[in-house]
Amino acid sequence: MTDELNQPRVTLATLQDMQRRGEKIASLTCYDSSFTLLLEAAGIDVFIIGDSLGMVLKGHETTVPVTMADMLYHAANVARVGRHAYRVVDMPYMSYTNPDQALANAARLMGEGGADMVKLEGGTSMAAAVEEIVSHGIPVCGHIGLLPQSIEQLGGYKVQGRDAAAAAALLEDARSLEEAGAALLVMECIPAALAEQITAALSIPTIGIGAGPGCDGQVLVLYDMLGITPGKPATFVKDFLEETGTIHAAVEAYVRSVKDGSYPAPEHCF
Ligand code: KIV
């Protein structure tokens, strides 16, 4: 066990300081109290209470059926025992279709779910919702690239931003979100070179999943990095349990690999 539990809470200022110092941010998804304690003891900086729970906990094929009630329940489970890591909670499908609705649901995730920050999917088209939430003192994390809530429109789980026009649109999305007040940005399944370019163009920290080593931090779905998720893993996933043998050691190895830059390796990148 590390002495992480004795460390002060991670705040947005901590993450900004890590970005300035070049210390990589190690993040995993988390949905319950047992894993909250284990992941904090292993040194995780940021929890994403992700709507991926629709797949890994509830057995749905996509994140689309996930509800506000689901997110509030799981976020509160994490917040009840969490003492160290920063908690980013996903806004579920259709919970932010206009700025008023977005603000009302973000406020519930903060008040009832114990979120430190809310995350929503989309770029420029989400700027008004982001502005409204942020103007009421709630920190927002953007999410661009592969947007699981729009999977039907995207036509499947594919790498985004491969051609020049799509890459330029993603850079524009990232800039719009930052301008609207987003304080953190998740980039999912985009080429490593593009993620590096976007990270360099922004002042806010970026966290990648399938976006290469050039981001300020990394996140994986917990069940993927423990090798629990059935089927062929995505290119960017590494099973850390396989080489370590215990869940605690696997998470510690993940944190170490993110911090020393050895994960993601070239074979995990697009
Ligand atoms: O729901 C989720 O797991 C996510 C990941 C990108 C972290 O949003």
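Both ligands and their constituent atoms are indexed starting at 1 by order of listing.
Heavy atoms from both the backbone and the side chain of Asp51 come within less than 4.0 Å of ligand 1. Heavy atoms of Leu53 found under 4.0 angstrom from ligand 1: none, in either backbone or side chain.
Aromatic pair Phe35/Phe47: centroids not less than 6.0 angstrom apart.
If you number the atoms of ligand 1 from 1 as listed, the ones under 4.0 Å from a heavy atom of Asp90 come out as 1 (O), 2 (C), 8 (O). Close contacts of ligand 1 with Thr29, meaning ligand atoms under 4.0 Å from a residue heavy atom, involve 3 (O), 7 (C).
An N or O contact shorter than 3.5 Å is missing between Glu188 and ligand 1 by distance. Ligand 1 has no N or O atom lying under 3.5 Å from any N or O atom of Tyr31, backbone or side chain.
Residue contact check for ligand 1: Glu121 places no non-hydrogen atom closer than 4.0 Å to it.
Here Glu23 pairs with Lys259 in a salt bridge; the nearest charged N to carboxylate O distance falls below 4.0 Å. For Lys238 and Glu267, the salt-bridge test fails: no basic side-chain N is under 4.0 Å from an acidic carboxylate O. The residues Lys24 and Asp260 are annotated as not salt-bridged, no charged nitrogen and carboxylate oxygen being separated by less than 4.0 angstrom.
Side-chain heavy atoms closer than 4.5 Å link hydrophobic residues (I, L, V, M, F, W, Y) into clusters, and following such links, possibly through other members, connects Leu154 to Tyr157.
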Run Val237 and His268 through side-chain contact (heavy atoms from CB on, under 4.5 Å) and show every step you take.
CA-CA 7 Å; Val237 170; His268 304 121; over 6 Å; no
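Remark: minimum distance from atom 2 (C) of ligand 1 to any protein heavy atom is reached at Ser52 OG, 3.3 Å. Of the protein's non-hydrogen atoms, the one nearest atom 8 (O) of ligand 1 is Lys119 NZ, 2.7 Å.
Neither side chain, Asn77 nor Ser33, offers a donor N or O lying under 3.5 Å from an acceptor on the other.
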